[in-house]
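One structure is given below, encoded as structure tokens.
Lettering of chains follows the sequences in order, A, B, ..., and the numbering in each one begins at 1.
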2 protein chains.
Amino acid sequence: MWLKNMNTQTQSNRERIIKVAYQLFYTKGYNQTSFADVANELGISKGNLHYHFPSKGALLNTVIALRKQQIIEMFAQWDGEFSDAKDRLKRFIQMMINNEANLVRYGCPLGSLNVELGKDQRDLQGMSREMFDLYQHWLEKVFTQLDSKKSKARSLHLLSMTQGTAMMTYIYSDSKLLKDECNAINEWIDSL
Amino acid sequence: MWLKNMNTQTQSNRERIIKVAYQLFYTKGYNQTSFADVANELGISKGNLHYHFPSKGALLNTVIALRKQQIIEMFAQWDGEFSDAKDRLKRFIQMMINNEANLVRYGCPLGSLNVELGKDQRDLQGMSREMFDLYQHWLEKVFTQLDSKKSKARSLHLLSMTQGTAMMTYIYSDSKLLKDECNAINEWIDSL
DNA sequence: GTCTATAAGAAGATAGAC
DNA sequence: GTCTATCTTCTTATAGAC
């Protein structure tokens, strides 16, 4: 654990770049974020940025890899906290509620990135869809605890509902809509 | 009717520009579409484009105005074809099925544009959200035929479901998912 | 590892000829 | 109305000094 930063008291510039890029890609969008934006935010030079990441695509790749790792760790923690399938599913919905402020202002970080990249950069979209796959597979696994035959269809249905909820919350900047839709989703989970 | 093109045998360049921009903003995204893209597609010069539309924002404005007009005409036609509330709602869902190929390849034209512009161009997002408002108001009016108290909440819920469906259909390029989710939405409409 | 300088190209937009 | 030419700024990326 402490091995990570053994040689430095604080984060390395490389780590800082990834974190700032992660944030800016989410809040401004990937195409609307330039190397200059990232460099200015950190107070470093663009040349330095190119030393750590030869291209913008390489930076996105690294950002997504970090995000995937965080998602995997999140599921591991949830699985440790809850064993009941419905409790696990509701923990997923609770994540949306907890993330209200960001959803209202910036939308779903997975969905918006995927839409942006899918338009004319299919290669990059493939990378971003892998984050979606992590959610889909975890949900399918959890739904299998309830009914293995319906698990895949239900996982896609739940993702569809959460994506729609995130989209509407974002478009209308409406946190009440978020809560109402999350309540409806939780009732659906209870009804299974 | 024929007055529109009284002086020309075919479309004017201005009309052609709007149509091509409409298409490219949808398929490539607004930020990823340049004046050069539009001009090349039509075989005209960039200077010509700037004669008709002084700025890119002005072009987007005109494209959205056209789109809003088409949406209004679509609702008028549906209202003429169906008087029953549930028939009208199902016509809305049928539109998604009819548009399968585009949804699979490019996603929802309203949702994706709104997400893109909302990231850091809130002024432009306002224009694009007006298209959403047209749908929301029409749906609320139709739901009022069933139950005036629940009409607004139901209109938002239906939009949420359709946005989620469009998003998942797009991300996984999955037309079967589109049909399954549309069937589920139609069942929900029947249950009201 | 980090900087400055610079290339090479694309973008939105303007000026002026036809 | 349409064109070519040009301007300015931004963007990704490279080269070379420290």
Taking 4.0 Å as the cut-off, does a side-chain nitrogen or oxygen of [X] come that near to OP1 or OP2 on [N]?
{"X": "A/N48", "N": "C/dC3", "value": "yes"}
{"X": "A/N13", "N": "C/dT2", "value": "yes"}
{"X": "A/Y51", "N": "C/dG1", "value": "yes"}

> Relative to the ring of B/F25, is the ring of B/Y30 parallel (under 30°), tilted (30 to 60°) or perpendicular (over 60°)?
Replying inline: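 Geometry flag for B/F25 against B/Y30: perpendicular rings.
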
How many Å lie between [atom1] on [X] and [atom2] on [N], as a whole number?
{"X": "B/F53", "N": "D/dT2", "atom1": "CZ", "atom2": "C1'", "result": "15 Å"}
{"X": "B/L49", "N": "C/dT14", "atom1": "CG", "atom2": "P", "result": "13 Å"}
{"X": "B/L59", "N": "C/dA11", "atom1": "CG", "atom2": "P", "result": "15 Å"}

> Are B/D180 and B/K176 within salt-bridge range, i.e. N to O under 4.0 Å?
Replying inline: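 Between B/K176 and B/D180 there is a salt bridge, with a charged N closer than 4.0 Å to a carboxylate O.
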
> So, A/D79 and A/R88, do they make that salt bridge, N to O below 4.0 Å?
Replying inline: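 A salt bridge is present here (some side-chain N lies under 4.0 Å from a carboxylate O).
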
> With A/S155, which residues qualify under side chain to side chain contact (heavy atoms under 4.5 Å, CB included), at least two apart?
Replying inline: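 If we apply the side chain to side chain contact (heavy atoms under 4.5 Å, CB included) test to A/S155, skipping adjacent residues, the hits are A/Q136, A/L139, A/E140, A/F143.
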
> Would you say B/T62's side chain and B/A58's backbone share a donor-acceptor pair under 3.5 angstrom?
Replying inline: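 Checked: pair present.
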
What donor-acceptor contacts under 3.5 angstrom involve side-chain atoms of residues 101-113 of chain A, with partners at least two apart or in another chain?
unit_1	atom_1	unit_2	atom_2	d
A/N102	ND2	A/N99	OD1	3.2
A/S112	OG	A/C108	O	2.7
A/S112	OG	B/K119	NZ	3.3

>> What does the B/S/- profile of nucleotides 10-18 of chain D look like, 5' to 3', with a 4.0 Å heavy-atom cutoff to protein?
In response: -SBBB----

